[in-house]
Amino acid sequence: MRLEGKKIPNTFGFDVKADVWLEYESVEELERWIAEGCVASPYLHIGAGSNLLFVKDYKGTVLHSCINDVTITAEDEDKVFVRVGAGVVWDDFVGYCVDHNWYGAENLSLIPGEVGASAVQNIGAYGVEVRDLVSSVETINIQGEKRVYQVDECEYAYRKSLFKQPEMKSVFVTYVNFCLSKKEHYTLDYGTIRQELMKFPAIDLKTLRRVIIDIRESKLPDPKVLGNAGSFFMNPIVPRVQFEELKQQYPSMPYYDVDADRVKIPAGWMIDRCGWKGKALGPAAVHDKQALVLVNLGGAAGKDVIALSDAVRASVREKFGIEIHPEVNFI
Ligand code: EPU
């Protein structure tokens, strides 16, 4: 499908258009668009627009995958390998895994977005990251060359991957291959998950998915009601020495150990301590239930959210001496 001047889907609810919108349903169709020279520069490949902040209309071609097939490629008693189209809605895939009694993806329930972007962004929640489940990522580049990246080639780190690097802008994810477990196991050590599960007679995949969905729904705004892009900032990783000093001053500061020398501090906690939770700046605001999320109160544009983001960053810098960086990509 090729459209001109189409509104670009984005969960902030900004009114932005693409000069050209190209949507394809198969790798072959994308190959045809490329071979016919229809993907002219500048171009941008998006998923569901759940991690993007558009500052203005996009003067170029926006690509979107509608590759939606899911196929089991191999399985044994312990595990299953499944090949999933980049255009599959992420949470539909999690639901599919849970329905099949495949373990591993359930903590990532209800994360907005699509499968292709999940592997680019290395989405994560409640102690699990998508890299824990990926076996390989299938791609095609702007020259029409296909390449499969094994998981250890994807350079995964917290909210990072090879595919996020600027030089990989011309590489499009077409399928992600996942490996899920058939053996019962759960990741329950994050936050209040164990506590929430006590309300149920037994733990199973469906119950854990329900619990994760309930936690998310209680803290995170529904983009259909209040425009947002989930966590707006990444949690900063700081040297342990710096963390120890801060901990003296703020004994209740939550943290996660990264390695012997580094510690991750929740940006939401710092923003909250700066008094920003629930505060608005023009038509943009810091969410009142989770300070890591910036919301569009209605009628906001990219510049309004950036103004709020700059003000929040300045407060955190001043109070804690820490620079926080947006997780959301500015376009
Ligand atoms: N906190 C506050 N005030 C707030 C928000 C958080 O004090 O307004 C405190 C919490 O009490 C807790 C700590 O900060 O002690 C961490 O909060 P939470 O568990 O809500 O997680 P987070 O670090 O704020 C990260 C991810 C989320 C993910 C959750 C759960 C990032 C950037 N964000 O948030 O991911 O759902 O952990 O695993 O890593 C997303 O990427 O869009 C997203 C929502």
Side-chain angles (χ1 to χ4, degrees), residues 10-12 47-53 90-91 94 105-114 117-132 156-161 164 187-196 208-209 211-223 226-238 243 246-247 250-258 263-279 285-295 305 309 312-313 315-316 319-320 322-329:
N10 69 99
T11 56
F12 262 120
S50 51
N51 208 43
L52 301 176
L53 185 152
W90 171 259
D91 190 56
V94 177
E106 58 284 353
N107 288 31
L108 305 180
S109 289
L110 210 66
I111 294 185
E114 295 168 359
S118 77
V120 173
Q121 186 66 11
N122 186 24
I123 58 170
Y126 309 105
V128 176
E129 288 186 336
V130 93
R131 68 165 157 191
D132 305 329
Y156 281 129
Y158 168 61
R159 296 296 198 272
K160 273 193 195 144
S161 77
K164 274 185 91 173
T187 303
L188 304 176
D189 286 329
Y190 188 97
T192 57
I193 294 182
R194 273 185 201 280
Q195 207 176 309
E196 298 290 329
L208 183 48
R209 175 163 160 80
V211 163
I212 300 281
I213 289 176
D214 287 348
I215 296 175
R216 289 188 73 94
E217 283 181 338
S218 71
K219 285 190 184 176
L220 300 166
D222 178 353
L226 202 55
N228 75 89
S231 298
F232 192 87
F233 301 101
M234 284 188 273
N235 288 332
I237 295 174
V238 302
F243 163 72
L246 283 166
K247 186 86 183 154
Y250 305 99
S252 65
M253 182 180 237
Y255 65 97
Y256 313 101
D257 289 321
V258 175
V263 175
K264 190 154 75 179
I265 301 176
W269 182 87
M270 292 192 282
I271 298 167
D272 197 349
R273 290 305 159 292
C274 289
W276 272 108
K277 201 168 180 169
K279 291 258 170 67
V286 176
H287 187 49
D288 57 2
K289 297 197 188 75
Q290 160 57 292
L292 199 55
V293 178
L294 303 190
V295 299
V305 176
S309 156
V312 165
R313 292 176 74 182
S315 295
V316 171
K319 191 172 172 69
F320 296 97
I322 291 180
E323 194 62 50
I324 55 169
H325 297 280
E327 189 207 322
V328 168
N329 301 308

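Bear in mind the structure is a predicted one, so any value in this text is a computation, not a measurement. Whatever order the structure lists ligands and atoms in, that order sets their numbers, starting from 1.
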Judged on heavy-atom distance to atom 17 (O) of ligand 1, which of F233, Y126, Y190, Y255 sits nearest?
Y190

Would you confirm whether S161, through its side chain, and V120, through its main-chain N or O, come within 3.5 Å as a donor-acceptor pair?
yes

Per-atom contacts, ligand 1 versus N235 - under 4.0 Å to a heavy atom:
23 (O), 31 (C), 39 (O)

Check ligand 1 against K219 and write out every atom of the ligand that is under 4.0 Å from a heavy-atom position of the residue.
20 (O)

Can you tell me the protein heavy atom closest to atom 12 (C) of ligand 1 and the distance?
P254 CG, 4.5 Å

Provide, to 0.1 Å, the distance between atom 8 (O) of ligand 1 and the closest protein heavy atom, together with that atom's residue and name.
A291 N, 2.8 Å

Can you find a non-hydrogen atom of K289 under 4.0 Å from ligand 1?
no

Is it the case that ligand 1 has an N or O less than 3.5 angstrom from some N or O of Y256?
no

If I take atom CZ from residue R216 and atom CG from residue D222, how far apart are they, to the nearest 0.5 angstrom?
11.5 Å

Going by heavy atoms, is R216 under 4.0 Å from ligand 1?
yes

Considering residues, nucleotides and ligands other than K164, do more than 12 of their heavy atoms fall under 6.0 Å from its NZ?
yes

My understanding is that only one of I212, N107, I123 makes a side chain to side chain contact (heavy atoms under 4.5 Å, CB included) with V128; could you say which?
N107

Side chains of F233 and V312: closer than 4.5 Å at any heavy-atom pair?
yes

If hydrogens are left out, which of G127, S50, S231 has an atom nearest to atom 33 (N) of ligand 1, that is, the closest non-hydrogen atom?
S231

Nearest non-hydrogen protein atom to atom 3 (N) of ligand 1, with distance, is D272 OD2, 2.7 Å

Short list, please: which atoms of ligand 1 are under 4.0 Å from a heavy atom of Y158?
31 (C), 32 (C), 39 (O)

Look at atom OH of Y255 and say whether more than 12 heavy atoms of other residues, nucleotides or ligands are closer to it than 6.0 Å.
no

K277 heavy atoms within 4.0 Å reach ligand 1 at atoms 3 (N), 4 (C), 8 (O)

How far is atom 34 (O) of ligand 1 from its nearest protein heavy atom, and which residue and atom name does that atom have?
L292 CD2, 3.8 Å

Does N228 reach the main-chain N or O of V293 with its side chain, forming a donor-acceptor pair under 3.5 Å?
no

Suppose we measure from atom 9 (C) of ligand 1 to each protein heavy atom; which comes out shortest, and what is that distance?
W269 CB, 3.9 Å

Considering S252, G191, P236, P266 one by one, which has a heavy atom nearer to atom 14 (O) of ligand 1 than any of the others?
P266

Which is closest to atom 31 (C) of ligand 1 in terms of heavy atoms, M234, E327, R159?
R159

Less than 4.5 Å apart, any side-chain heavy atom of V263 and any of D257?
yes

Does the protein put a heavy atom less than 4.0 Å from atom 39 (O) of ligand 1?
yes

Would you check whether F232 reaches within less than 4.0 Å of ligand 1, judged by its heavy atoms?
no

Within ligand 1, which atoms have a heavy atom of G230 less than 4.0 Å away?
42 (O)

When distances are taken from atom 20 (O) of ligand 1, the protein heavy atom at minimum range is Q290 NE2, 3.1 Å

